[in-house]
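Structure first, commentary second.
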Number of protein chains: 2
Amino acid sequence: MSVVEAGGIQFDLDLSKPLYEQVLQQIRGSIARGGIALGEKIPSVRELAQTLKINPNTVMRAYQELERDGLTETRRGQGTFITSNNEVVQDIRNNLALEATKEFLEKMHSIGFTRIDIQRFLNEGDE
Amino acid sequence: MSVVEAGGIQFDLDLSKPLYEQVLQQIRGSIARGGIALGEKIPSVRELAQTLKINPNTVMRAYQELERDGLTETRRGQGTFITSNNEVVQDIRNNLALEATKEFLEKMHSIGFTRIDIQRFLNEGDE
DNA sequence: GAAGTGTATTATATCACTTAATACACTCAT
DNA sequence: ATGAGTGTATTAAGTGATATAATACACTTC
């Protein structure tokens, strides 16, 4: 449903969250899961804006945050490239996992689930 | 930090999310984890607003959502009471857990974690 | 020099959230 | 009956984040 591909990355935007945040997360996810090679070039700001039918400023905001995190390197006049530093990628991947886990456990504890309950819950989900 | 108690419920508001959502979640959490007895009365709209130093309309919005979910019953002129129907409470608790789990697994998968990786991650967090 | 990059700026519009003030309907204790 | 305390509705206003639009500048490559 409204999935768009650009530069080897899948984009699926909706209205549940800010657009710049979704663009950021989906590129970051693609890098973290190895869906895009290190050193690779990603679409230009204008190109991605046109493909996703959103404003260049909105794409820019996502790109700037990626660079701040060290996930991309931007070269004026050339474009934006995924970092070649695999260590940075793994660190960020690890951090994302830690944060997701922490948030999950906090939520479960706040509604009265113990560690054992949670284990059971996760195993039930298997098929 | 800035934890306030009202009607046997702990409130801790910040600016990370809408106030009405935090009030809703914290009351709901208290019910789900059994921190407050079924049938119990919770603070009046005006009283809670004053205690939390927020607008009565904001409290109202949280209370209305609680009632829509069947977690509370409101009696005009009397107040707002936690439902006495334990089944409803357990259903909602279960739903919250399911949603939290689904969101967590999706996030982890999106950054390339397999089921086994996730198991390992959760166990590492133990002490 | 032209085309394509990233980047900055200014203005505008929209929407969610929050507050404020006020009023009404109801219940209960007195 | 009255008054105090309930939930509820309405209208108005302000604020901030988000997104768009239009434009301009600096840089790289061909």
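In what follows, chains are A, B, ... by sequence order, proteins preceding strands, each numbered from 1.
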Query raised in the report: For A/D91, which residues count as a salt bridge (Lys or Arg N to Asp or Glu O under 4.0 Å) partner, sequence neighbours excluded?
Result: none

Query raised in the report: Which residues satisfy the side-chain hydrogen bond (donor to acceptor under 3.5 Å, both in side chains) test with A/R93, sequence neighbours excluded?
Result: none

Query - Neighbours of DNA chain D within residues 37-44 of chain A, by heavy-atom distance under 4.0 Å - result: none

Report task. Look at A/Q78 and D/dT29 and indicate whether a side-chain polar atom (N or O) is within less than 4.0 Å of OP1 or OP2. Result -> yes

Report task. Quick one: which residue pairs count as a salt bridge (Lys or Arg N to Asp or Glu O under 4.0 Å) with a foot in residues 18-41 of chain B, not counting sequence neighbours? Result -> none

Query raised in the report: In whole Å, what is the span from the CE atom of B/M60 to the P atom of D/dT6?
Result: 13 Å

Requested in this report: Just jot down the side chain to side chain contact (heavy atoms under 4.5 Å, CB included) partners of B/T101, sequence neighbours excluded, or say none.
Outcome: A/F104, A/M108, A/F121, A/L122, B/L105

Without placing hydrogens or testing angles, list every side-chain donor-acceptor pair under 3.5 Å for residues 74-87 of chain B, not counting sequence neighbours.
residue: B/T74; atom: OG1; partner: B/E67; partner atom: OE2; Å: 2.9
residue: B/T83; atom: OG1; partner: B/N85; partner atom: N; Å: 3.0
residue: B/N85; atom: OD1; partner: B/E87; partner atom: N; Å: 3.0
residue: B/N85; atom: OD1; partner: B/V88; partner atom: N; Å: 3.4
residue: B/N86; atom: OD1; partner: B/Q90; partner atom: NE2; Å: 3.4

Query raised in the report: Salt bridge or not for A/R61 and A/E65, using N-O below 4.0 Å?
Result: no

Query - Heavy-atom side-chain proximity of B/P43 to B/Y63 below 4.5 angstrom - result: yes

Query - Set of side chain to side chain contact (heavy atoms under 4.5 Å, CB included) partners for B/T114, sequence neighbours left out - result: B/I116, B/D117

**Report entry** Residue list, side chain to side chain contact (heavy atoms under 4.5 Å, CB included) with A/L15, at least two apart or on another chain
**Finding:** none

**Report entry** Sugar-phosphate or base contact per nucleotide [nucleotides 10-20 of chain D; S, B, -; heavy atom under 4.0 Å]
**Finding:** B-------SSB

Query - Contacts of B/N57 that satisfy side chain to side chain contact (heavy atoms under 4.5 Å, CB included) - sequence neighbours left out - result: B/N55

Query - Selection: residues 69-77 of chain A, any non-hydrogen atom under 4.0 Å of DNA chain C - result: A/T74, A/R76, A/G77

Report summary line: So the contacted stretch of DNA chain C, first to last nucleotide with an atom under 4.0 Å from a non-hydrogen atom of chain B, runs from C/dC17 to C/dC28

